[in-house]
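This report concerns only the one structure given below.
Note: hydrogens, waters and symmetry copies are ignored here, and every other heavy atom, side chains too, is used. Keep in mind it's a predicted model, so treat the numbers as computed, not measured.
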Amino acid sequence: MTLEELKRLAEQGDTEAMIEISDRVYDKDSYEKIAEATSWDLRAAEAGSLAGIMRSITGCTLLAVINLLPNIKDWKEALLYSQQTLRWCDVALKEVRLDQDDLKMVTDSRNDCQYYCGVCHYYQDNYDETVRALYGLQQTHAYALYGVCMYALGSRDIEHRSSARDDLKTAYQFLSYVERDSAYITSDKEYYEDAILSFAAYELSCCYRIGLPGTLNPDLERSVRIMSFVLPNLKYDFSKPLLQKELAKYKKKMLGGYKYIG
């Protein structure tokens with residue numbers, strides 16, 4: 001059957017034809033062809049095809065990842081595909097009987113794309129949306145991003161907003177998870193995670209330097225220690241200047257300890 005014949009069947013609602021078209025147009029080396037193939041899978045999913053649902057999850061996840069690549073960085077496009085993945089993962093988890101392998105794939109895809117939604121909102125400076133997107137995720141990279149955003153929210157107009165101090169305490173709670181996970185700090189990370197880790201270490205160091213009333217006493221040694229641990233584990237050069245400049249503001253005292261000269 002020709003592609004044109006399949007398209008005529010697809011326009012009449014034949015989901016098997018939609019899946020067949022997806023298979024024929026797919027080309028792993030072409031973003032446009034991956035997107036075109038996935039659009040047919042999404043049509044099949046909308047028409048109630050179980051195969052379409054599962055293929056939409058994998059296709060949209062792949063397109064989200066492609067748009068997160070450093071040479072592309074299309075946050076809006078990555079966000080749209082991540083949200084599509086979340087939608088169809090929720091449908092699959094609710095309406096499809098999944099075997100163990102498929103359940104793991106759907107769950108992993110959902111967790112990944114929930115995090116990607118947070119990343120996309122963060123890099124578009126939508127911190128409130130980032131916090132909402134990450135809600136419920138229990139992974140260190142999500143804790144790092146959540147903490148970074150809560151610190152940014154808490155730092156805004158701190159003198160005039162009573163909830164700001166609570167936001168900073170929440171930020172410290174989540175940033176401290178990162179400090180305790182040395183395996184995460186030393187792991188190989190994507191470029192956007194690398195930058196987030198740099199901000200997490202910087203903001204945690206600020207918490208230690210300044211202290212948080214009722215929660216944390218100032219501790220300059222811990223401030224230096226967290227930055228000194230994270231800095232050599234940053235993979236990308238653009239992530240390093242923030243910590244390098246901040247560390248340069250600490251000087252050792254003759255009798256031990258540090259003073260801050262920033």
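- When every heavy atom of Ala248 is checked against every heavy atom of Ile261, the shortest pair comes out as O-CD1, 4.4 Å.
- Nearest heavy-atom pair across Met54 and Ala92 is SD-CB, 4.3 Å.
- Shortest non-hydrogen contact noted between Ser198 and Leu243 is O-CD2, 3.6 Å.
- Without hydrogens or angle criteria, Asp194 side chain to Leu234 main chain gives no donor-acceptor distance under 3.5 Å.
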* Using the side chain to side chain contact (heavy atoms under 4.5 Å, CB included) rule, take Tyr116 and Val65 through it: C-alpha gap first, then chi angles, then the decisive distance, then the call. => CA-CA 8 Å; Tyr116 297 155; Val65 170; 3.7 Å; yes
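- Here the straight-line distance linking atom CG of Asn233 with atom NZ of Lys189 works out to 6.5 Å at 0.5 Å rounding.
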* Under the side-chain hydrogen bond (donor to acceptor under 3.5 Å, both in side chains) criterion, do Glu179 and Tyr208 qualify, and how do the steps go? -> CA-CA 12 Å; Glu179 183 181 24; Tyr208 288 138; 2.5 Å; yes
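- Remark: the backbone N or O of Ala78 is paired with a side-chain donor or acceptor of Ser82 at under 3.5 angstrom.
- With contacts defined as side-chain heavy-atom distances shorter than 4.5 Å, the pair Val148/Tyr127 does not qualify.
- Side-chain contact check for Ile34 versus Asp27: every heavy-atom pair is 4.5 Å or farther apart.
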* To do: Could you walk me through whether Gln83 and Arg87 pass the side-chain hydrogen bond (donor to acceptor under 3.5 Å, both in side chains) test, one step at a time?
  => CA-CA 6 Å; Gln83 290 171 332; Arg87 177 191 175 193; over 6 Å; no
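- There is no path of hydrophobic side-chain contacts, each under 4.5 Å, that joins Tyr26 to Leu6.
- Neither Leu42 nor Tyr31 shares a network with the other; the hydrophobic side chains, linked directly or stepwise wherever heavy atoms of I, L, V, M, F, W or Y lie under 4.5 Å apart, form separate groups for each.
- Scanning all heavy atoms of the two residues, the minimum distance from Trp40 to Met18 falls at CB-O, 3.6 Å.
- Residues Ala171 and Gly147 share a closest heavy-atom pair of CB-O, 3.4 Å.
- More than 12 non-hydrogen atoms from other residues, nucleotides or ligands lie less than 6.0 angstrom from CD of Gln244.
- Looking only at side-chain heavy atoms (C-beta outward), Ser205 and Leu247 stay at 4.5 Å or farther from each other.
- Under the side-chain hydrogen bond (donor to acceptor under 3.5 Å, both in side chains) criterion, Asp181 pairs with Thr140, not counting sequence neighbours.
- Taking CG of Asp112 as the start and OG1 of Thr107 as the end, the distance is 10.5 Å to the nearest 0.5 Å.
- Between Asp102 and Arg97 there is no salt bridge, since no side-chain N of the basic residue sits under 4.0 Å from a carboxylate O of the acidic one.
- Expressed to the nearest 0.5 Å, how far CD1 of Ile185 lies from CG of Leu197 amounts to 6.0 Å.
- In this structure the side chain of Leu79 reaches within 4.5 angstrom of the side chain of Gln124, judged on heavy atoms.
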* To do: Show the numbers, then the answer: is there a side chain to side chain contact (heavy atoms under 4.5 Å, CB included) between Thr58 and Met105?
  => CA-CA 9 Å; Thr58 56; Met105 183 277 288; 3.9 Å; yes
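- The existence of a salt bridge linking Lys235 and Glu190 is excluded, since no basic side-chain nitrogen approaches an acidic carboxylate oxygen closer than 4.0 Å.
- Heavy-atom neighbours of Phe199 CZ from other residues, nucleotides or ligands within 6.0 Å: at or below the threshold of 12.
- Annotation: side chain of Glu221 is in contact with side chain of Tyr258 (closest heavy-atom distance under 4.5 Å).
- In terms of hydrophobic clustering, with Ile, Leu, Val, Met, Phe, Trp and Tyr side chains grouped at heavy-atom distances under 4.5 Å, Tyr122 and Leu137 are assigned to a common cluster.
- Figure legend: Arg180 and Tyr177 shown as a cation-pi pair, the cationic atom lying under 6.0 angstrom from the six-membered ring centre and within 45 degrees of its axis.
- For Thr85 (side chain) and Tyr81 (main-chain N/O), a donor-acceptor pair under 3.5 Å exists by modelled atom type.
- Ion pairing of Lys104 with Asp101 is absent here, as no side-chain N (NZ or NE/NH1/NH2) approaches a carboxylate O to less than 4.0 Å.
- In this structure, Lys33 pairs ionically with Glu36, as a charged nitrogen and a carboxylate oxygen lie closer than 4.0 Å.
- Remark: the backbone N or O of Arg222 is paired with a side-chain donor or acceptor of Asp219 at under 3.5 angstrom.
- Once rounded to the nearest 0.5 Å, the distance linking CG of Leu68 with CD of Glu193 reads 10.0 Å.
- Note on Trp88 and Leu63: separate hydrophobic clusters, where clusters join Ile, Leu, Val, Met, Phe, Trp and Tyr whose side-chain heavy atoms are under 4.5 Å apart, directly or indirectly.
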* To do: Decide side chain to side chain contact (heavy atoms under 4.5 Å, CB included) for Val178 and Ile226; before the verdict, give the C-alpha distance in whole Å, the side-chain angles of both, and the deciding distance to 0.1 Å.
  => CA-CA 10 Å; Val178 180; Ile226 182 60; over 6 Å; no
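- In this structure, Tyr184 contributes its side chain and Gln139 its backbone to no donor-acceptor pair below 3.5 Å.
- Of all the heavy atoms in Ala183 and Thr186, the pair that sits closest is O-OG1, 3.3 Å.
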* To do: Kindly determine whether Phe174 and Met150 satisfy side chain to side chain contact (heavy atoms under 4.5 Å, CB included), including the steps that lead there.
  => CA-CA 9 Å; Phe174 281 89; Met150 290 306 298; 5.6 Å; no
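- A salt bridge links Arg24 with Glu20: the closest approach of a Lys/Arg side-chain nitrogen to an acidic carboxylate oxygen falls below 4.0 angstrom.
- Leu175 is not listed as a side-chain neighbour of Tyr172, based on a closest heavy-atom distance of 4.5 Å or more.
- Counting heavy atoms from C-beta outward, Val106 and Val96 have side chains that stay 4.5 Å or more apart.
- For the residue pair Arg8 / Gln12, no side-chain donor-acceptor distance below 3.5 Å is found, with atom types taken as modelled.
- Both Val224 and Leu216 are assigned to one and the same hydrophobic cluster, defined by single-linkage of ILVMFWY side chains at heavy-atom distances under 4.5 Å.
- Tyr151 and Asp167 form no side-chain donor-acceptor contact under 3.5 Å, judged by distance and modelled atom types alone.
- Between Asp41 and Arg55, at least one side-chain nitrogen of the basic residue sits less than 4.0 Å from a carboxylate oxygen of the acidic one, meeting the salt-bridge criterion.
- Looking at Ser155, its side chain never comes within 3.5 Å of a backbone N or O of Ala152 through a donor-acceptor pair.
- A cation-pi arrangement is absent between Lys251 and Tyr260, since the terminal nitrogen or guanidinium carbon is not both under 6.0 Å from the aromatic centre and inside a 45° cone about the axis.
- For the atom pair Asn67 CG and Ile72 CD1, the distance stands at 6.0 Å (nearest 0.5 Å).
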* May I have the step-by-step check of ring pair (Phe, Tyr, Trp, His ring centres under 6.0 Å) for Tyr123 and Tyr192, ending in yes or no? => CA-CA 9 Å; Tyr123 279 102; Tyr192 48 84; 7.1 Å; no
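- Within a 6.0 Å radius of CD in Glu5, more than 12 heavy atoms belonging to other residues, nucleotides or ligands are found.
- A salt bridge is absent between Glu203 and Arg209: the closest approach of a Lys/Arg side-chain nitrogen to an acidic carboxylate oxygen does not fall below 4.0 angstrom.
- With rounding to the nearest 0.5 Å, the separation of CG in Leu9 from CG in Asp14 is 5.0 Å.
- Residues Arg132 and Asp128 have side chains in contact (heavy-atom distance under 4.5 Å, counting atoms from C-beta outward).
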